Chemist: 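Sharing a structure here in structure tokens format.
Since we're looking at a predicted model, the values are computed, not measured.
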Amino acid sequence: MKSSTAKSNDTPGPPDEDGLPVKMLNDRILVASRAEGERHSTGGILIPATAQVGKRLVWAEVIAVGPNVRAMQKGDRVLFNPDDRHEVEVRGRDYLILRERDVHAVAAERLDKASTGLYL
């Protein structure tokens, strides 16, 4: 039985194909991201998936974190470059695996508003 002082980083991720829990290793993060495709602007204009967009960072929700991840927890939202990722399919759902160093920002209610430097 785990003690109540266990960090939330020890929480396993979604089950794999065999139904076993997935535990991320080292500084790896498992995130669920929206599928790339059509988007809507803040004014409601539809932007097709084929539209030419420069380097654009994307947000995703953290599903599981490895034991050496220090700056984020399960449930946080992270900002990252979509080119710095590895895709994996687990039970028919697509996830991304990132390294902690590839994350540019973390958004979470638990963070002190003065410490992030961003107004999200």
Side-chain angles (χ1 to χ4, degrees):
M1 185 164 155
K2 290 185 180 180
S3 68
S4 60
T5 60
K7 293 173 29 179
S8 64
N9 291 359
D10 296 335
T11 307
D16 69 357
E17 290 84 8
D18 298 327
L20 299 173
V22 175
K23 180 178 180 180
M24 301 306 293
L25 301 177
N26 300 317
D27 67 340
R28 301 302 195 271
I29 305 160
L30 184 71
V31 299
S33 179
R34 290 186 301 151
E36 294 176 14
E38 295 180 343
R39 298 179 290 121
H40 286 84
S41 70
T42 55
I45 298 172
L46 178 68
I47 303 170
T50 58
Q52 197 67 298
V53 180
K55 292 269 184 179
R56 182 180 181 94
L57 300 177
V58 295
W59 289 97
E61 181 182 354
V62 175
I63 303 299
V65 294
N68 296 335
V69 174
R70 298 171 291 171
M72 58 209 71
Q73 297 175 358
K74 183 177 177 180
D76 290 352
R77 293 187 47 81
V78 294
L79 183 68
F80 65 96
N81 182 347
D83 296 335
D84 299 333
R85 67 179 187 195
H86 299 282
E87 296 181 17
V88 63
E89 183 178 331
V90 178
R91 290 198 153 205
R93 292 200 56 201
D94 291 328
Y95 296 97
L96 304 174
I97 297 176
L98 306 170
R99 289 180 179 224
E100 184 177 23
R101 70 179 182 204
D102 294 333
V103 173
H104 296 280
V106 178
E109 290 187 22
R110 65 179 169 76
L111 298 175
D112 181 21
K113 291 183 186 206
S115 70
T116 63
L118 296 174
Y119 297 97
L120 302 175

Chemist: Show your reasoning for whether side-chain contact (heavy atoms from CB on, under 4.5 Å) applies to I97 and M24.
Modeler: CA-CA 9 Å; I97 297 176; M24 301 306 293; 4.1 Å; yes
Chemist: Identify the heavy atoms of A107 and W59 that sit nearest to each other, and give their distance.
Modeler: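 Closest pair (atom of A107, atom of W59, distance): CB-CZ3, 3.8 Å.
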Chemist: Please identify each residue that fulfils salt bridge (charged side-chain N to carboxylate O under 4.0 Å, His left out) with D27, with sequence neighbours left out.
Modeler: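 Per chain and number, D27 pairs via salt bridge (charged side-chain N to carboxylate O under 4.0 Å, His left out) with no residue.
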Chemist: Looking at NZ of K74 and CD of E61, how far apart are the two atoms once the value is rounded to the nearest 0.5 Å?
Modeler: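 One finds 9.0 Å between NZ of K74 and CD of E61.
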Chemist: After noting the C-alpha distance and the side-chain angles of F80 and V58, does the key distance pass the side-chain contact (heavy atoms from CB on, under 4.5 Å) rule?
Modeler: CA-CA 6 Å; F80 65 96; V58 295; 3.5 Å; yes
Chemist: Which heavy-atom pair separates A32 from A60 by the least distance, and what is that distance?
Modeler: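 Shortest heavy-atom contact: O-CB, 3.4 Å.
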Chemist: To the nearest 0.5 Å, how far apart are CD in E100 and CG in N26?
Modeler: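 Here the rounded value is 11.5 Å.
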Chemist: My understanding is that only residues two or more places apart in sequence, or in another chain, count here; which of them pass side chain to side chain donor-acceptor pair (under 3.5 Å) with D83?
Modeler: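 Listed in chain order: K55.
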Chemist: Could you tell me which non-hydrogen atom of A108 sits nearest to which non-hydrogen atom of D76, and how far apart they are?
Modeler: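 Reported closest heavy-atom pair: CB-OD1, 3.1 Å.
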Chemist: Under the side-chain contact (heavy atoms from CB on, under 4.5 Å) rule, what do D94 and E87 come out as? Steps first, then yes or no, please.
Modeler: CA-CA 7 Å; D94 291 328; E87 296 181 17; 5.6 Å; no
Chemist: Please lay out, stage by stage, how N81 and H104 fare under the test side-chain contact (heavy atoms from CB on, under 4.5 Å).
Modeler: CA-CA 8 Å; N81 182 347; H104 296 280; 4.2 Å; yes
Chemist: Looking at every non-hydrogen atom in both residues, tell me the closest pair between I29 and M72 and how far apart they are.
Modeler: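 For I29 and M72, the tightest heavy-atom pair comes out as CD1-SD, 3.1 Å.
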Chemist: Are side-chain heavy atoms of Y95 and L30 found at a separation under 4.5 Å?
Modeler: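 They are in side-chain contact.
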